[in-house]
Every structure is written in C-alpha cells, then in structure tokens.
Amino acid sequence: MSHVLVTGANGQLGSELVEALRSRHGPSGVIRLDLQPPPGPDGHAAGGPFVVADVRDREALADCISQYQIDTVYHLASLLSATGEQHPDRAWDVNMEGLKNVLDLACTHHLRVFWPSSIAVFGPSTPKADTPQKTVLDPTTMYGVTKRSGELLCRYYHRRYGLDVRSLRYPGLISHKTAPGGGTTDYAVDMYTSAANGRDYTCFLEPDACLPMMYMPDAIRATLSLMEAPAEALSVRDSYNVAAFSFSPQDLAAALQRHVSNFACTYASDERQQIADAWPASIDDTAARTDWNWTPTYDLDAMTEDMLDHLQEDERLREDEGVRG
Ligand code: VAH
C-alpha cells in the first residue's frame with residue numbers, strides 16, 4: 001500500500017488534495033503534516049494520521065517519512081505572495097529550506113515529489129498575453145523569487161540525482177472548502193463569499209486587473225494527472241505552465257451579479273496591486289496539454305454557479321445552527 005505525505009495539509013490546496021488522495025490511497029495512506037493540528041472536529045475530513053511539524057525541521061520530516069513508510073511527498077507548505085512581502089526572510093526560509101529538506105530526503109529515501117510553483121515566477125518583462133512555457137522570468141516578489149529558485153532546484157535534483165520531482169505553475173486557485181491565506185488572487189474567494197452572504201465587497205485590486213485563475217477541482221485533477229503521467233512523457237522538469245481561464249475583478253463582479261442581482265463591488269487597491277501588475281494576464285499551457293493531456297473543465301460561469309451553490313448552502317447551514325442555538 002502506498003503512503004503519501006502532504007505538507008501544508010491545512011491549506012487551501014492541501015485540504016482538498018488530501019481528500020482526493022484519500023480516495024486513491026485510503027485515509028490511513030495519506031499522512032498530513034502542518035504547523036498546527038487541523039482546525040476543529042468539523043474541519044477537514046476527520047481521520048488519518050496528522051503530524052505537527054515545521055518543514056524547516058529536517059529531522060522531523062525524516063522521522064515522519066520513516067515512521068509512515070512514505071513513497072510520495074506533495075510538498076505544499078509555503079508562504080504566499082502577499083504574506084511573503086510582509087515577511088520576506090521567513091518566506092525564503094520556509095519556502096527554500098523546506099523544499100531542499102524534502103528534495104534531499106526524497107533522494108535518500110527514493111521518493112517521488114510534487115511541488116507547487118506559481119505564475120508568480122513571471123515578472124514585468126514577461127509577455128503578459130499567452131505567457132510561454134519558456135520565457136523571461138523576472139519575479140518581483142520574494143514569493144516569486146522562491147518559486148523560480150525552487151523550480152531550478154527541482155530541475156537540478158532531477159538532472160543530477162535522477163529524482164522524479166514534478167511541478168505546476170498554478171494560477172490563482174479558487175475554492176469554497178478552505179479559506180485561502182495571504183495570496184494576491186484571494187480577492188476572488190473573498191468576493192464570492194461576500195456575494196453568497198448578501199454583502200457587498202470592496203476589492204483590493206483595480207477593476208481591470210486581469211489574472212489567470214483556476215477552480216480547485218481542476219487544480220486537483222491537473223496535479224494528479226501530472227503525477228500519474230509516465231516519466232518519459234514529461235519534457236518540463238522545472239515547472240509546467242497550466243491554465244484554465246482569466247478574469248478581472250469587474251468580470252467576476254458581473255458574473256456574480258447574474259446570480260445575485262443586488263451584489264455591488266467597489267474598488268480600493270492596495271500594495272497587492274503592484275504584485276498583480278507584474279503577473280501575466282493569460283498563460284500558454286501547450287506543453288501540459290501535449291505531454292500529459294491537460295485540459296480544464298470549468299470556465300468562469302460554471303465555477304460561479306458551483307461556488308455560489310456551495311457557499312449559499314454553507315450559509316443556510318450556519319443560519320440553521322444559529323436558530324437551533
Ligand atoms: C498568491 N494564490 O496569490 C497565490 C498564487 C498565482 C497566485 O500563487 O500568492
């Protein structure tokens with residue numbers, strides 16, 4: 001029976017990847033690791049081993065790998081773009097020391113590794129439309145610097161040591177199950193939540209800040225498709241561009257108003273606008289489509305319908321619980 005380790009398991013991506021991996025490996029086959037225990041009894045799906053540890057602690061990671069006989073690591077623990085700008089030193093430490101610990105241990109224990117990169121590796125000199133797989137990479141944030149550095153580290157470990165480490169440059173990820181934390185694209189989840197709860201929203205980006213985005217079910221499917229692809233099919237060993245669709249805050253507000261007619265969005269951009277300005281508007285993911293048959297399922301309207309269905313149901317359940325007291 002294969003055992004997989006998910007670091008950053010409490011996060012927006014981690015919590016849903018754990019659920020998807022459990023359907024393949026069983027609850028006892030998916031080991032979660034994060035700085036804090038999972039939130040509350042009704043937090044993530046209960047059950048399955050959980051390790052409280054810091055990914056900068058190589059010994060703790062080694063103990064976990066040995067104790068649970070891990071054969072694959074999904075190393076998600078990371079500080080995201082906005083938080084990384086507030087704490088650049090910690091972002092470098094967690095994002096880089098954590099990754100190198102995982103890569104070194106993967107070589108020692110002959111593991112396979114998935115590691116998320118981001119469109120944050122692109123910068124102001126990168127072509128903004130249909131950003132190519134191979135292009136200028138001049139990230140302006142510490143997060144982007146760690147993601148590009150991490151991509152180069154992954155490719156080095158593959159070429160030098162033969163490590164099977166695979167990576168995706170995720171766009172902004174949108175989900176309803178676990179709140180995101182510290183990202184520039186997180187405005188979208190905040191806007192959905194406000195509209196679903198009958199509140200207006202003030203967006204911290206400009207109305208025309210168009211960014212590549214992806215619904216979480218597609219991101220999970222892309223991750224597992226990449227990890228299940230035959231190694232010989234893969235032509236990219238730093239990190240694959242992967243895309244679904246792009247939209248701006250005003251596009252999202254209009255999509256929401258088609259469902260919540262009285263929803264209103266105002267705009268008050270902050271320092272996160274400068275981060276978004278350096279990122280692409282759309283991504284060319286031809287390599288992913290060619291090498292491992294990537295194709296997205298959701299577009300903006302399909303995502304909006306599904307997001308609102310789930311968020312409005314969650315709100316009804318909270319109100320019912322409030323009524324029951
Ligand atoms: C962030 N959600 O905003 C992350 C992501 C493409 C953006 O990497 O930092």
Side-chain angles (χ1 to χ4, degrees), residues 8 10-17 74-88 90-92 94-96 98-99 114-124 126 128 131 135 137-151 167-193 203-206 209-216 218-220 222-223 238-249 252 269-285 288 296 303 307:
N10 289 342
Q12 180 197 21
L13 172 61
S15 58
E16 299 210 36
L17 186 60
Y74 290 80
H75 177 49
L76 312 182
S78 170
L79 271 68
L80 296 185
S81 58
T83 306
E85 286 310 284
Q86 293 164 358
H87 308 284
R90 183 150 56 94
W92 177 265
V94 171
N95 296 8
M96 294 312 298
L99 174 59
F114 173 80
W115 173 76
S117 184
S118 159
I119 61 167
V121 299
F122 301 118
T126 308
K128 281 190 93 63
T131 301
T135 185
L137 297 162
D138 56 341
T140 58
T141 61
M142 175 58 89
Y143 173 69
V145 167
T146 68
K147 287 303 180 181
R148 182 52 184 161
S149 303
E151 290 183 357
S167 178
L168 295 176
R169 286 171 180 162
Y170 287 126
L173 300 185
I174 294 165
S175 62
H176 55 81
K177 291 181 183 175
T178 302
T184 300
T185 58
D186 296 347
Y187 84 85
V189 176
D190 298 342
M191 197 186 296
Y192 273 116
T193 305
C203 183
F204 55 74
L205 295 185
E206 294 296 330
C210 186
L211 290 170
M213 299 282 194
M214 184 180 289
Y215 197 27
M216 185 61 79
D218 272 344
I220 298 296
T223 306
D238 46 358
S239 188
Y240 275 95
N241 283 4
V242 66
F245 50 89
S246 298
F247 60 79
S248 65
L252 180 55
S269 62
D270 64 18
E271 68 284 353
R272 287 167 284 191
Q273 182 62 45
Q274 285 67 48
I275 296 175
D277 286 340
W279 289 353
S282 60
I283 299 288
D284 176 350
D285 59 0
M303 175 174 72
M307 279 288 286

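All values below were derived from every heavy atom in this structure, side-chain atoms included, with hydrogens, water molecules and symmetry-related copies excluded. Because the structure is a prediction, the values reported are computed rather than measured. Start at 1 and go down the list; that is how both ligands and their atoms are numbered.
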Asks: With a 4.0 Å heavy-atom cut-off, what residues sit around ligand 1?
Replies: L80, S81, S118, I119, Y143, Y170, P171, G172, G183, T184, T185, W279

Asks: In plain terms, say whether D277 and K128 are close enough for a salt bridge, that is, a side-chain N and a carboxylate O under 4.0 Å apart.
Replies: no

Asks: Between D138 and R148, does any side-chain N to carboxylate O distance fall below 4.0 Å?
Replies: no

Asks: Name the one of L99, T146, N95, T83 that satisfies side chain to side chain contact (heavy atoms under 4.5 Å, CB included) with S78?
Replies: N95

Asks: With no hydrogens and no angle check, just 3.5 Å: does a side-chain donor-acceptor pair link S81 and T184?
Replies: yes

Asks: Excluding sequence neighbours, so at least two apart, what forms salt bridge (charged side-chain N to carboxylate O under 4.0 Å, His left out) with D270?
Replies: R272

Asks: Might you work through the side chain to side chain contact (heavy atoms under 4.5 Å, CB included) test for F204 and E271, ending with a clear yes or no?
Replies: CA-CA 8 Å; F204 55 74; E271 68 284 353; over 6 Å; no

